[in-house]
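Worksheet: one structure, shown below.
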Amino acid sequence: VFGVLNLIIAVIVDVFAETRDKDIFERASEMEEEEKEQKATLGQIFKRIDADGGGTLSYNELVQGAHKEAEFQRWLRVMDIDARDLEQLF
């Protein structure tokens with residue numbers, strides 16, 4: 001009886017382990033996709049705040065964008081970045 005019970009428990013543990021591994025893989029894939037989307041969104045924001053259209057941001061463009069671009073302001077707020085932090089990041 002105990003041998004059968006141990007076998008059943010082993011099968012259940014194995015099934016849960018496989019499910020966990022699949023969940024971890026799926027979550028990693030979701031995180032990678034989310035990261036790509038966020039990078040694309042930030043790229044679009046940076047294009048909008050690139051005042052001279054040169055493809056790079058100056059510190060002044062970054063600061064002006066932080067003041068004028070509402071979506072950029074939200075991103076900065078979520079990342080807990082203020083004006084002093086912008087200078088350090090740049």
Side-chain angles (χ1 to χ4, degrees):
V1 174
F2 289 113
V4 173
L5 187 56
N6 283 340
L7 182 61
I8 292 171
I9 291 172
V11 169
I12 291 171
V13 168
D14 189 48
V15 168
F16 280 116
E18 285 180 24
T19 302
R20 185 192 71 228
D21 289 343
K22 287 179 185 176
D23 286 345
I24 290 171
F25 178 76
E26 288 176 12
R27 181 65 184 137
S29 295
E30 290 172 2
M31 289 175 68
E32 288 173 5
E33 185 62 33
E34 187 175 310
E35 182 181 347
K36 286 179 188 177
E37 291 173 5
Q38 290 173 349
K39 285 180 180 179
T41 300
L42 280 173
Q44 293 170 355
I45 292 170
F46 292 153
K47 284 181 184 178
R48 288 195 302 264
I49 64 176
D50 181 13
D52 65 5
T56 59
L57 292 177
S58 67
Y59 175 70
N60 289 334
E61 289 173 325
L62 191 67
V63 170
Q64 290 299 318
H67 290 296
K68 294 180 181 178
E69 182 68 39
E71 188 175 10
F72 190 39
Q73 291 171 354
R74 285 191 295 274
W75 275 83
L76 294 173
R77 190 172 31 252
V78 167
M79 294 185 289
D80 196 26
I81 296 174
D82 61 17
R84 291 177 307 224
D85 296 330
L86 275 180
E87 184 175 0
Q88 290 178 343
L89 286 172
F90 192 78

Check the hydrophobic clustering (I, L, V, M, F, W, Y; side-chain heavy atoms under 4.5 Å; chains of links allowed) and say if L5 and V13 are grouped together.
yes
Do the non-hydrogen side-chain atoms of F90 and V63 ever get within less than 4.5 Å of each other?
no
Of the non-hydrogen atoms in R48 and E69, which two are nearest, and what is the gap between them?
NH2-OE2, 3.0 Å
Partner of E71 by side-chain contact (heavy atoms from CB on, under 4.5 Å), out of I49, L42, L76, I45:
I45
Taking the side chain from E61 and the backbone from D52, do they hold a donor-acceptor pair closer than 3.5 Å?
yes
Within a strict 4.5 Å, meaning less than it, do heavy atoms of the L86 and I81 side chains meet?
yes
Between E35 and K39, does any side-chain N to carboxylate O distance fall below 4.0 Å?
yes
Any donor and acceptor pair, going by atom type alone, linking the side chain of D50 with main-chain N or O of G54 inside 3.5 Å?
yes
Separation between CD (E32) and CD (E37), nearest 0.5 Å, reads 12.5 Å
Just wondering, do R27 and M31 contact through their side chains at under 4.5 Å, heavy atoms?
yes
Test of understanding: clusters of I, L, V, M, F, W, Y form through side-chain heavy atoms closer than 4.5 Å, transitively. Do F72 and M79 belong to the same one?
yes
Show your reasoning for whether side chain to side chain contact (heavy atoms under 4.5 Å, CB included) applies to W75 and Q38.
CA-CA 10 Å; W75 275 83; Q38 290 173 349; 3.6 Å; yes
